Amino acid sequence: MANDKPRFKPYDRPAGGWGSARATAKVLMEQSVIAKGSRALLAMNQPGGFKCPSCAFPDPECRKTLEFCENGAKALAFEATKFRVTRDFFARHTVAELREQSDYWLEMQGRLTEPMRYDAATDHYVPCDWDDAFALIGEHLRGLDSPDQAEFYTSGRTSNEAAFLYAIFVREFGTNNFPDCSNMCHEPTSRGLPPAIGIGKGTVIMEDFAHARAIFVIGQNPGTNSPRMMTKLVEARKRGVPIVMVNPMPERALISFTEPQDVVQMATLGATAIASDFVHVRIGGDLALLKGIMKVMFEREAAGESVIDRDFIRTHTVGMEAVRDEVMALSWADIVAVSGVSEAQIRHVADIYIRSDATMICYGMGLTQHQQGARLLQQVAGLLLLKGNFGKPGAGISPIRGHSNVQGDRTVGIDEQPAPAYLDRVRDVFGFDPPREHGHHTVAALAAMEAGTAKVFIGLGGNFVRAVPDTERAYRAMGKLALTVAISTKLNRGHLIHGKDALILPVIARSEIIRTRAGEQFVTIEDSMANVTASRGVLEPASPHLLSEIEIVCRMARATLPDSHVPWERYSDEYGPIRDKIAEIYPEIYADFSERIKAPEGFHLDIPPRRLVWKTPNGKANFLLFPGLAVDAAVADPAMLRLATVRSHDQFNTTIYSDDDRYRGIYGTRMVLLMNAEDRAERGLENGAEIFAETIADDGIHRRVEGLTVVDYPMARGSVAGYYPELNPLLPLDHYDEISGTPAAKSIPIRVGAM
Ligand SMILES: Nc1nc2c(c(=O)[nH]1)N[C@H]1C(S)=C(S)[C@@H](COP(=O)(O)OP(=O)(O)OC[C@H]3O[C@@H](n4cnc5c(=O)[nH]c(N)nc54)[C@H](O)[C@@H]3O)O[C@H]1N2
Ligand SMILES: Nc1nc2c(c(=O)[nH]1)N[C@H]1C(S)=C(S)[C@@H](COP(=O)(O)OP(=O)(O)OC[C@H]3O[C@@H](n4cnc5c(=O)[nH]c(N)nc54)[C@H](O)[C@@H]3O)O[C@H]1N2
Ligand SMILES: [Mo]
């Protein structure tokens, strides 16, 4: 496939349907896991089975057979692959050679099979005992001048139990340095929503889809990134519910979709049009759009109509008047210019919102990854408050999370700014004094590595160096470290860009059985809608030498903290007692964890806004003022284009399944820039021309990516899109959301030119 000539051909069929079924079969075949993969697929998201390792969207009805999706099947097939990375593989290739290979090639080598240690003398990874690996980690960590010289990364596939213990280990060691994938993802949700509604999570649960009277899908591509959500959208559409898609590009699955599970639709080649309204917003134009909708509401109120929920606002909220005055002072000309949406369409969409008595707003990275992402989300909450869209069926805010357990990891302690109440409980329950000072998030961790103050990096899952901004800087920064530890299932670039000492520690994957001295164990995860369920793998581990993440965390702790009173050995064997400690630390949400997790469908963590309880300092929901229309800093250069780095249909974050992006009609290459034909013509470029892109920044660093093909695409004017992680070299480290530190990966100011 890598040798195929790139092709660009609009995808004119509906998304989903037979295309998805074919793609699922193909991927199982390529990984040579048809029988094994199909068996595992039957256990995925079933009671007694394991949770899909792909996205964080809940599974609609856990008893429905084959409740999986094309991209869940891909994630599983790549995990259950028959290919293996063995000691012979590492003996055959130096690390320098491996660095020359593509991310796709690295991924295709298969599952890691035993712990490996970097040998600088030969530039090879060589086999290493588990005991020696833990001893090396303990030695490095104990040898630091300060615990704050270590960075402890977490990616969101890690279970609640592993993440909880990791948080305890690292705090007993003495730091709050917890960079995690959420810091690049939904951190604006975690930091932006609490001052507004008292919780940094969504307030919608699955049942709400059946009661919503209008659904907004803003800056999110569910057909690719949370395909199980499509089932809910199809049902809503069939009920005649308006679905408003707000996006700088018309994402295929929201235009037309065939449910892979709907036999009739598939047989008749039928399809459902998902979006009733497509709002072709400019990148970064969402604030203007939201304020435009509010302006329509306030104008109609001022004209004597009753369109806002006055009772709700009076009883539950503070601050509406200041927001109203600011919004009323904005001009329609500015709102239209910044959003790129006509006043007529804004009025039409506002009318949909006004008429609906239960509206859900779902959003993804298109809203979070901006320089004022957190404040933008506060305005989403404000719009919902205006019509009392909390605490009733079918209404609320719905951040669609990324990794399958990213929300859970945050809930159980992966947080560089831990709440004092949590730290007090840790002290009382575990008997040590956890550090109080805030630690590093992802961007700060990278800055510490660059400055040379960080010495050790431990990655519990993920592919840090490929996921972060400023690729070349990140590579250099990682290279300065004394020790890098990658706890992983598959080979990735993070293993090849390493510190002076480096370890690869292979783990048992989500779909595999965990056996300890105490017998088979299960773990738990929390999905995007705060539902906690058990996950039990069904496949044999990829190699007999793998350890579970929990055992790795416990043994790192034992090697680092010989005097610890935490019963690490017991936790290695039995996961029930870990859940009992989670219940002790979080009694409000996790009381009786071990009992409640016995229910096959799991249980919901409490979400106070659903009960109209606001855990804010003033006990109210707050309208927060965010003056103006800009979510990204202005750039004077008239040639500037705003670049959004997005996911293709064939990748899971830094894992590349193929070079194709079926729904966008791109085949055989990921080095593209999707551009509006008029923007392209204005720059004197031909469709299909080879171009370079350069970042517009004033920090003196020249960031440039060459060899991109410009492809005509119905993008909003001034807005371009290309793929993550190939375009991460263009994303400056200090281009991030002010409140949360989340890199603004959807709004990189660039200019382009012919090669
Ligand atoms: N198959 C698959 N599933 C995944 C993942 C994967 O890589 N592959 N990743 C997982 C993870 S970690 C996450 S966080 C989620 C990500 O899921 P999404 O949030 O859907 O992720 P993206 O592809 O980054 O892009 C989001 C959308 O934002 C739009 N957009 C860009 N800029 C703007 C803007 O300024 N305004 C608006 N309104 N829209 C904008 C883009 O056109 C795109 O449609 O998916 C999760 N699920
Ligand atoms: N430019 C740009 N950059 C982005 C984004 C963007 O939209 N644009 N999106 C950001 C977002 S939303 C996110 S979430 C981050 C993602 O950042 P990460 O979470 O760090 O990256 P992944 O690619 O998901 O990590 C893949 C690796 O995880 C390991 N792995 C897989 N399953 C398991 C498991 O069960 N256990 C363990 N221990 N390891 C496992 C495998 O070795 C695999 O190679 O990237 C961010 N970076
Ligand atoms: Mo994410």
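Whatever order the structure lists them in is the order used to number ligands and atoms, beginning at 1. This structure is a prediction, so every number in the text was calculated from the model and none was measured. FYI, side chains are in, hydrogens and waters are out, and symmetry mates aren't considered; it's all heavy atoms of this structure.
Look at R466 and you'll find every heavy atom at least 4.0 Å from all atoms of ligand 2. Every heavy atom of S226 sits 4.0 Å or more from the atoms of ligand 1. Ligand 2 is approached by K746 to a heavy-atom distance shorter than 4.0 Å. Note on ligand 1: H370 sits in its first shell, one or more heavy atoms being nearer than 4.0 Å. Within the 4.0 Å heavy-atom cutoff, P248 counts among the residues contacting ligand 1.
For ligand 2 and G461, the ligand atoms under 4.0 Å from any heavy atom of the residue are 37 (C), 38 (N), 39 (N). Within ligand 2, counting atoms from 1 as listed, the ones closer than 4.0 Å to a heavy atom of S155 are 18 (P), 19 (O). Listed by atom number, the atoms of ligand 2 under 4.0 Å from N492 heavy atoms are 27 (C), 42 (O), 43 (C), 44 (O). The ligand atoms of ligand 2 that sit less than 4.0 angstrom from a heavy atom of N463 are 18 (P), 20 (O), 21 (O), 25 (O). Atoms of ligand 1 found under 4.0 Å from any heavy atom of G284, numbered from 1 in the order shown, are 34 (C), 35 (O). Here is the list of ligand 1 atoms found below 4.0 Å of a heavy atom in H403: 12 (S). The Y153 neighbourhood of ligand 2 comprises atoms 17 (O), 18 (P), 19 (O), 20 (O), with distances under 4.0 Å to a heavy atom of that residue. Heavy-atom contacts of G364 reach the following atoms of ligand 1: 19 (O) (cutoff under 4.0 Å). Close contacts of ligand 1 with C185, meaning ligand atoms under 4.0 Å from a residue heavy atom, involve 14 (S). Annotation for ligand 1: atoms under 4.0 Å from non-hydrogen atoms of T224 are 1 (N), 2 (C), 3 (N). The V281 neighbourhood of ligand 1 comprises atoms 38 (N), with distances under 4.0 Å to a heavy atom of that residue. For ligand 1, the atoms closer than 4.0 angstrom to any heavy atom of A644 are 31 (C), 32 (N). Residue M249 approaches ligand 1 through these ligand atoms, each under 4.0 Å from one of its heavy atoms: 42 (O).
The CG atom of L643 lies 7.0 Å from the CD1 atom of I283; values are rounded to the nearest 0.5 Å.
Ligand 1 has no N or O atom lying under 3.5 Å from any N or O atom of I218, backbone or side chain. Of the polar atoms of D286, at least one N or O is found under 3.5 Å from an N or O of ligand 1, judged by distance alone. Any N or O atom pair closer than 3.5 Å counts here, and G285 shares no such pair with ligand 1. For ligand 1, the polar-atom distance check against T645 finds no nitrogen or oxygen pair separated by under 3.5 Å. At under 3.5 Å, a nitrogen or oxygen of Q369, whether backbone or side chain, sits near a nitrogen or oxygen of ligand 2. When only interatomic distances are considered, the shortest N/O to N/O separation between R647 and ligand 1 falls below 3.5 Å. Considering both main-chain and side-chain atoms, R282 never comes within under 3.5 Å of ligand 1 through any nitrogen or oxygen pair. Backbone and side-chain nitrogen or oxygen atoms of I487 are examined, and one is located within less than 3.5 angstrom of a nitrogen or oxygen of ligand 2.
If you check which protein heavy atom lies closest to atom 19 (O) of ligand 1, you get M365 N, 2.8 Å. Closest protein heavy atom to atom 1 (N) of ligand 2: N728 OD1, 2.7 Å. Scanning the protein heavy atoms around atom 28 (O) of ligand 2, the nearest turns out to be G462 N, 3.1 Å. Taking atom 42 (O) of ligand 2 as the reference point, the nearest protein heavy-atom neighbour is K490 O, 2.9 Å. For atom 32 (N) of ligand 2, the closest non-hydrogen atom of the protein is R157 NH1, 3.0 Å. In terms of protein heavy atoms, atom 16 (C) of ligand 2 is closest to Y724 OH, 3.4 Å. Among protein heavy atoms, the minimum distance from atom 8 (N) of ligand 1 is reached at Q651 O, 2.7 Å. For atom 34 (C) of ligand 2, the nearest non-hydrogen atom of the protein is T489 CG2, 3.6 Å. What sits closest to atom 13 (C) of ligand 1 on the protein, heavy atoms only, is G402 CA, 3.1 Å. The closest protein non-hydrogen atom to atom 38 (N) of ligand 2 is E549 OE2, 2.7 Å.
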query = Can you list the steps and then say if Y153 with H440 is a ring pair (Phe, Tyr, Trp, His ring centres under 6.0 Å)?
reply = CA-CA 10 Å; Y153 181 66; H440 293 159; over 10 Å; no
request  = Could you go through the side chain to side chain donor-acceptor pair (under 3.5 Å) check for T189 and Y363 one step at a time?
outcome  = CA-CA 10 Å; T189 300; Y363 64 88; 2.8 Å; yes
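If you look at I400 next to ligand 1, there are no close heavy atoms at all, none under 4.0 Å. At a heavy-atom distance under 4.0 Å, atoms from both the backbone and the side chain of S488 approach ligand 2. Contacts between V507 and ligand 2 below 4.0 angstrom, taking non-hydrogen atoms only, involve the side chain exclusively. Residue E79 does not touch ligand 2, judged by heavy-atom distances below 4.0 Å. Both the backbone and the side chain of T654 come within 4.0 Å of ligand 2, counting heavy atoms alone. Of the heavy atoms in M184, both backbone and side-chain atoms come closer than 4.0 Å to ligand 2. Neither the backbone nor the side chain of E107 comes within contact range of ligand 2; no heavy atom lies under 4.0 Å. Residue-level proximity to ligand 1 for E251 is carried by the side chain, the only part with a heavy atom below 4.0 angstrom.
Shown here is Y713, whose OH atom has more than 12 heavy atoms of other residues, nucleotides or ligands within 6.0 Å.
With respect to the salt-bridge test (charged N to carboxylate O, under 4.0 angstrom), the residues D650 and R670 do not qualify. Between E114 and R84 there is no salt bridge, since none of the side-chain N atoms of the basic residue sits less than 4.0 Å from a carboxylate O of the acidic one. Salt bridge status for R191 with E416: present, with a side-chain N to carboxylate O gap under 4.0 Å. Using a cut-off of 4.0 Å between Lys/Arg side-chain N and Asp/Glu carboxylate O, R703 and D470 are scored as salt-bridged.
A perpendicular orientation is assigned to the rings of Y736 and H441, their planes being inclined by more than 60° (bins at 30° and 60°).
T489 and R157 form no side-chain donor-acceptor contact under 3.5 Å, judged by distance and modelled atom types alone.
In this structure, of N225, T368, V217, the residue bringing a heavy atom nearest to atom 2 (C) of ligand 1 is N225.
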